[in-house]
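Reading through the structure tokens given below for one structure.
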Amino acid sequence: MTLEETISAIRPGDPTAQDAARRWWDRLAKPLGSLGQLEDAITKIAALTGDPDVRLDKRMLFVACADNGVVCQGVSQSDESVTRAVTRALGQGTSTVNYLAAQANCTVIPVDIGVKDLDFTDGVLPRKCKNGTDDCSAGPAMTRAECTQAIETGIALALEAKAQGADILLTGEMGIGNTTTACAVASVLLGSDPAALVGRGSGLSNAAFLKKIQVLHKAVARNHPDPADPVGVLASVGGLDLAALCGLCLGGAFVRLPVLLDGFIADAAALCAVRLCPAAGDALLASHVSAEPGAKAILEGLGLSAPLCAGLRLGEGSGAVMALPLLDMALAVYHSGHTFGALGIDAYTPQH
């Protein structure tokens with residue numbers, strides 16, 4: 001499906017199913033709302049799917065892998081070879097998130113959306129739209145057509161997952177330099193100075209961190225992206241991984257699958273999706289508050305709160321995977337039948 005077709009077909013969540021899920025929570029033998037954000041997450045999923053019988057049995061983590069030309073400006077302590085190496089490890093099942101996902105019964109699907117000079121690699125979906133982006137501090141990172149192709153690739157991944165019986169999608173990424181591109185995108189969409197959002201990524205010296213801030217200012221000033229045009233923002237200062245994850249969020253909303261976001265970079269991509277189609281926000285769940293300085297601002301821009309605040313900054317979808325066991329525990333209670341009636345006690349009632 002095209003981007004325009006997807007956006008026009010996305011609908012808000014079903015309030016009837018949402019109310020039914022909330023009423024079921026309130027019948028369970030515990031103080032009302034006492035599982036907090038976890039209750040809200042299950043209720044939101046019920047609204048999205050239109051069914052209060054929420055199941056999250058088949059989980060699929062898509063890790064969008066791509067290189068960013070802005071790395072040539074010294075914004076990361078690593079070079080593009082690390083993107084290739086980690087992408088291969090993801091395909092082989094030996095990267096960090098693979099071990100985490102094995103504990104959460106989650107399938108990891110790395111996607112080459114733009115890893116520079118990466119040939120076919122076992123275990124990695126070949127969906128390359130461009131051989132890495134251009135340096136966004138010298139001009140647009142990619143053309144609008146390339147960006148749209150990457151977004152539509154993400155939409156297609158969501159449709160494929162739905163056809164394979166997925167119950168929930170998770171977003172992850174791998175790409176050296178992508179804290180820079182995510183910060184640039186978020187600063188434009190939020191109307192913020194990049195310096196207020198930027199962090200040290202995987203680790204920078206003081207001098208390199210100051211250089212990163214200068215590069216961000218230069219990229220935004222040179223491209224002058226319009227915040228009312230999220231595709232244009234992604235094309236000018238973003239990355240292929242961000243574009244693909246934006247598409248995955250839109251595709252998830254279209255096929256009525258919840259999308260569990262990872263941290264700073266995935267959240268910036270989700271912000272693009274919501275700016276393109278506000279109703280897509282009904283499909284989105286936050287997993288954690290990244291250690292990156294701009295993480296809270298982006299989550300606020302999305303209107304989301306996250307259950308984990310553990311200083312995570314690994315990427316690869318690791319935070320999203322770590323949140324799955326919390327949802328599993330919430331569902332164990334939700335499906336328990338442990339109601340006030342079963343215990344023969346009076347139910348709690350709202351107090352005003």
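The chain is numbered in sequence order, starting from 1.
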Donor-acceptor under 3.5 Å (Lys130 side chain, Ala150 main chain): no

Give the other cluster members for Ile345, using side-chain heavy-atom distances under 4.5 Å between Ile, Leu, Val, Met, Phe, Trp and Tyr residues; answer none if it is isolated. Leu32, Phe340, Leu343, Tyr348

Would you check if there is a donor-acceptor pair between the side chains of Gln92 and Asp122 at a distance under 3.5 Å? no

Any carboxylate oxygen within less than 4.0 angstrom of a Lys/Arg side-chain nitrogen, looking at Arg55 and Asp51? no

Pairwise salt bridge (Lys or Arg N to Asp or Glu O under 4.0 Å) hits with a residue in residues 222-235, at least two apart: Arg144-Asp229

Any chance you could pull the hydrophobic cluster mates of Val215, using side-chain heavy atoms under 4.5 angstrom and chaining through other members? Val70, Val75

Ring pair (Phe, Tyr, Trp, His ring centres under 6.0 Å) pairs, two or more places apart, involving residues 25-75: Trp25-Tyr334

Contacts of Ser8 meeting side chain to side chain contact (heavy atoms under 4.5 Å, CB included) (sequence neighbours excluded), chain-then-number -> none

Going by atom type alone, with no hydrogens or angles, which donor-acceptor pairs under 3.5 Å involve a side-chain atom of residues 12-23 and a protein atom two or more places apart or on another chain?
{"residue": "Asp14", "atom": "OD1", "partner": "Thr16", "partner atom": "N", "Å": "3.0"}
{"residue": "Arg22", "atom": "NH1", "partner": "Glu39", "partner atom": "OE1", "Å": "3.0"}
{"residue": "Arg22", "atom": "NH2", "partner": "Asp40", "partner atom": "OD1", "Å": "2.8"}

Looking at residues at least two apart in the chain, or sitting in another chain, which of them share a side chain to side chain donor-acceptor pair (under 3.5 Å) with Arg256? none

Charged N-O contact under 4.0 Å between Lys128 and Asp112: yes

Walk me through it: do Arg200 and Glu292 pass the test side-chain contact (heavy atoms from CB on, under 4.5 Å)? CA-CA 8 Å; Arg200 295 175 184 260; Glu292 286 291 303; 5.8 Å; no

Tell me which pairs pass salt bridge (Lys or Arg N to Asp or Glu O under 4.0 Å) where either residue lies in residues 68-87, with sequence neighbours left out. Glu80-Lys116

Partners meeting side chain to side chain donor-acceptor pair (under 3.5 Å) with Thr180 (sequence neighbours left out): none

N/O donor-acceptor pair under 3.5 Å between Thr133 side chain and Gly69 backbone: yes

With a cut-off of 3.5 Å and sequence neighbours excluded, list every side-chain donor-acceptor pair involving residues 319-332.
{"residue": "Asp328", "atom": "OD1", "partner": "Arg59", "partner atom": "NH2", "Å": "2.3"}
{"residue": "Asp328", "atom": "OD2", "partner": "Arg59", "partner atom": "NH2", "Å": "2.9"}

All side chain to side chain contact (heavy atoms under 4.5 Å, CB included) counterparts of Ala138, not counting sequence neighbours: Asp135

Who pairs with Thr2 by side chain to side chain contact (heavy atoms under 4.5 Å, CB included), at least two apart in sequence or on another chain? Glu4, Glu5, Glu152

